[in-house]
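Let me begin by presenting the structure, written as structure tokens, before commenting on it.
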Amino acid sequence: MTIQEKDNLHIWHPLTQHKTASIPIAIAKAKGAILYAEDGKEYIDGIASWYTCMYGHGNEYIINAMHEQMKQLDFVMFSGFTHKPAVELASSLLEILPQNQKKVFFNDNGSTAVEAAIKMSLQYYHNKEDKRDTIIAFENGFHGDTFGAMSVSGLSSYNGPFEEFLLNVVRIPVPQEDNLEEVCNKLEQIIEEHKCTAFIFEPLVQGAAGMKFHSANGLNHLIEICNKNDVLTIADEIMTGFGKTGTNFACDQLEYTPDIMCLSKALTAGMFPLSITSCTQEIFDTFLSDEVHKGFFHAHTYSAHPVGCAAAIASIGLLKSSEITESRKWIEECHQDFAKGIAGHSKVQNVRVKGVVFALDLTISMDRYGNLRDKLYQFFIDRGVALRPLGNTIYILPPYVITEAQLQKIYDVIMEVLDHF
Ligand SMILES: *Cc1c(COP(=O)(O)O)cnc(C)c1O
């Protein structure tokens, strides 16, 4: 039996309608920006496997760090115990996070990092005996698939059957040039009418929504309103973090810093599932008490896994290296040139670049998981390029180590798409 036949017998894949989905491609190995399939075909990983493997697949530097760690300490419970990789990761991370971030809490995936952030914000007010029950979020945001994270996500294609079981969330539109005043007014009105704990947002780029951008200026205004009204702010940097938007974190482009941040994905460069929720000293201090139950009683078994921490420390080291810094700049320049070249194309409705994120919207409309979108996906796959269009949005988010020829091939296939669709 082939891998695919065995897969078909036993496996239930995520985000998949198994009745109509095409057979998944069996990947045997990966190196740099290339995925090598079982059948000998090769694919350029144009979105770094959901923006995780930013330093390239099979990165030897990170693998060595993990290997050394495994030999030293595989795992130990993180309640009542601590270890060097966790404390070293905390300090190297806090060095590059906004100055107000002082404490890190460990989880093992993005959704639970968001879940912890939401629970922190709810308990923060609970501990202060200030009863609050509502969270503010952007329309079309995506924050994960557990119940809290799903509640704040605004993409209804994910939430349909669960809608009536979710937390209280009120949404505001994403600020643009022409609606900023309206969005600010709406936020102020919501804060007045509801008892709000926090405002959660993907800063500057909404990933799953279709790589939609908004300005730092607009977001600054919204954070300022929250600060003035004693509403916590949560930046979900699970997609944007670790250099993708031009700065280490998208929040580095803001004037006001969030109270809580969520990190995962590129944190461990695709080598290990790990996530972090960081917060200010003030939030942490609100959980200090002689009453035990005022502490934060949230845990996942694999919290702060030493091997994941080792991968993250090595990844941060690479992020700071001059090689990676230069290639990030080079990729952005290539994206800008390509964007200029196709901006006037009749099939291109909008094209945008921020850091290494390139996105274009086709003039043809497509359902998020519709037939035409699947044809588009297949068109790329048939040409050896792994991209995952979000509806009619085609985006590239390549590993920082992609070569010139590989990036050019992605551009060439996109040009072919524009002629073909
Ligand atoms: C991927 C993602 C999540 C969820 O992370 P998982 O590890 O898939 O649970 C949350 N927020 C954003 C912005 C993401 O891109």
Side-chain angles (χ1 to χ4, degrees), residues 13-16 45 47-54 105-121 135-155 157-159 162 166-167 169 171 174 198-214 219 233-245 248-251 258 260-278 298 300-305 308 311-312 315 354-357 359 368 387-390 393 395-397:
H13 283 266
L15 295 178
T16 301
D45 191 355
I47 62 164
S49 289
W50 273 334
Y51 9 109
T52 56
C53 307
M54 299 307 292
F105 187 89
F106 289 94
N107 274 311
D108 44 27
N109 63 71
S111 301
T112 53
V114 170
E115 210 72 26
I118 291 171
K119 285 174 74 175
M120 269 178 202
S121 77
I135 303 157
I136 307 160
F138 275 146
E139 286 168 3
N140 294 322
F142 177 72
H143 300 287
D145 283 342
T146 52
F147 266 81
M150 202 169 38
S151 300
V152 289
S153 296
L155 288 168
S157 55
Y158 296 113
N159 288 354
F162 315 109
L166 303 179
L167 302 175
V169 174
R171 282 177 220 293
V174 173
F199 164 42
I200 184 167
F201 51 85
E202 293 165 89
L204 307 190
V205 183
Q206 289 186 295
M211 298 295 152
K212 297 280 193 287
F213 297 173
H214 56 268
L219 187 53
T233 51
I234 304 171
D236 176 351
E237 293 239 19
I238 292 165
M239 193 287 284
T240 50
F242 303 99
K244 296 181 198 117
T245 65
N248 283 342
F249 299 96
C251 284
I260 300 176
M261 292 175 75
C262 304
L263 307 167
S264 190
K265 291 197 167 130
L267 169 66
T268 48
M271 291 283 184
F272 208 92
L274 186 80
S275 68
I276 282 179
T277 309
S278 67
H298 176 106
H300 295 286
T301 305
Y302 281 124
S303 295
H305 198 292
S315 302
K354 191 178 292 294
V356 301
V357 185
R368 195 174 178 84
L387 294 181
R388 280 182 65 90
L390 295 158
T393 303
Y395 75 95
I396 317 171
L397 215 166

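Whatever order the structure lists them in is the order used to number ligands and atoms, beginning at 1. Residue numbers start at 1 and run along the sequence shown.
For the pair Glu237 and ligand 1, no heavy-atom separation below 4.0 Å is found.
Among protein heavy atoms, atom 11 (N) of ligand 1 sits closest to Asp236 OD2, 2.7 Å. Scanning the protein heavy atoms around atom 7 (O) of ligand 1, the nearest turns out to be Gly110 N, 2.8 Å. What sits closest to atom 8 (O) of ligand 1 on the protein, heavy atoms only, is Ser111 OG, 4.5 Å.
Scored by the side chain to side chain contact (heavy atoms under 4.5 Å, CB included) test, Ala198 finds Ser121, Leu232, Ile234 as partners (sequence neighbours excluded). Phe272 is linked by a ring pair (Phe, Tyr, Trp, His ring centres under 6.0 Å) to His305, counting only residues two or more places apart in sequence or in another chain.
Judged by distance alone, the side chains of His300 and Asp108 never bring a donor and an acceptor atom under 3.5 Å apart.
Using a 4.0 Å cut-off to heavy atoms of His143, the atoms of ligand 1 that qualify are 10 (C), 11 (N). Which parts of ligand 1 touch Gly144 is read off a 4.0 Å heavy-atom cut-off, strictly below it: atoms 4 (C), 10 (C). Less than 4.0 angstrom separates some heavy atom of Phe142 from each of these atoms of ligand 1: 2 (C), 3 (C), 11 (N), 12 (C), 13 (C). Residue-ligand proximity, Asn109 to ligand 1, at heavy-atom distances under 4.0 Å covers atoms 7 (O), 9 (O).
Aromatic pair Phe106/Tyr302: centroids not less than 6.0 angstrom apart.
Among Leu263, Val205, Leu204, the single residue meeting the side chain to side chain contact (heavy atoms under 4.5 Å, CB included) criterion with Thr240 is Val205.
Residue Trp50 does not touch ligand 1, judged by heavy-atom distances below 4.0 Å.
Under the 4.5 Å side-chain criterion, counting only non-hydrogen atoms from C-beta, Asn107 is in contact with Ser275. Within the 4.5 Å cutoff, the side chain of Met54 has no heavy atoms near those of the Phe242 side chain.
Nearest residue to atom 2 (C) of ligand 1 from Glu202, Lys265, Glu115 is Lys265 (criterion: closest heavy atom).
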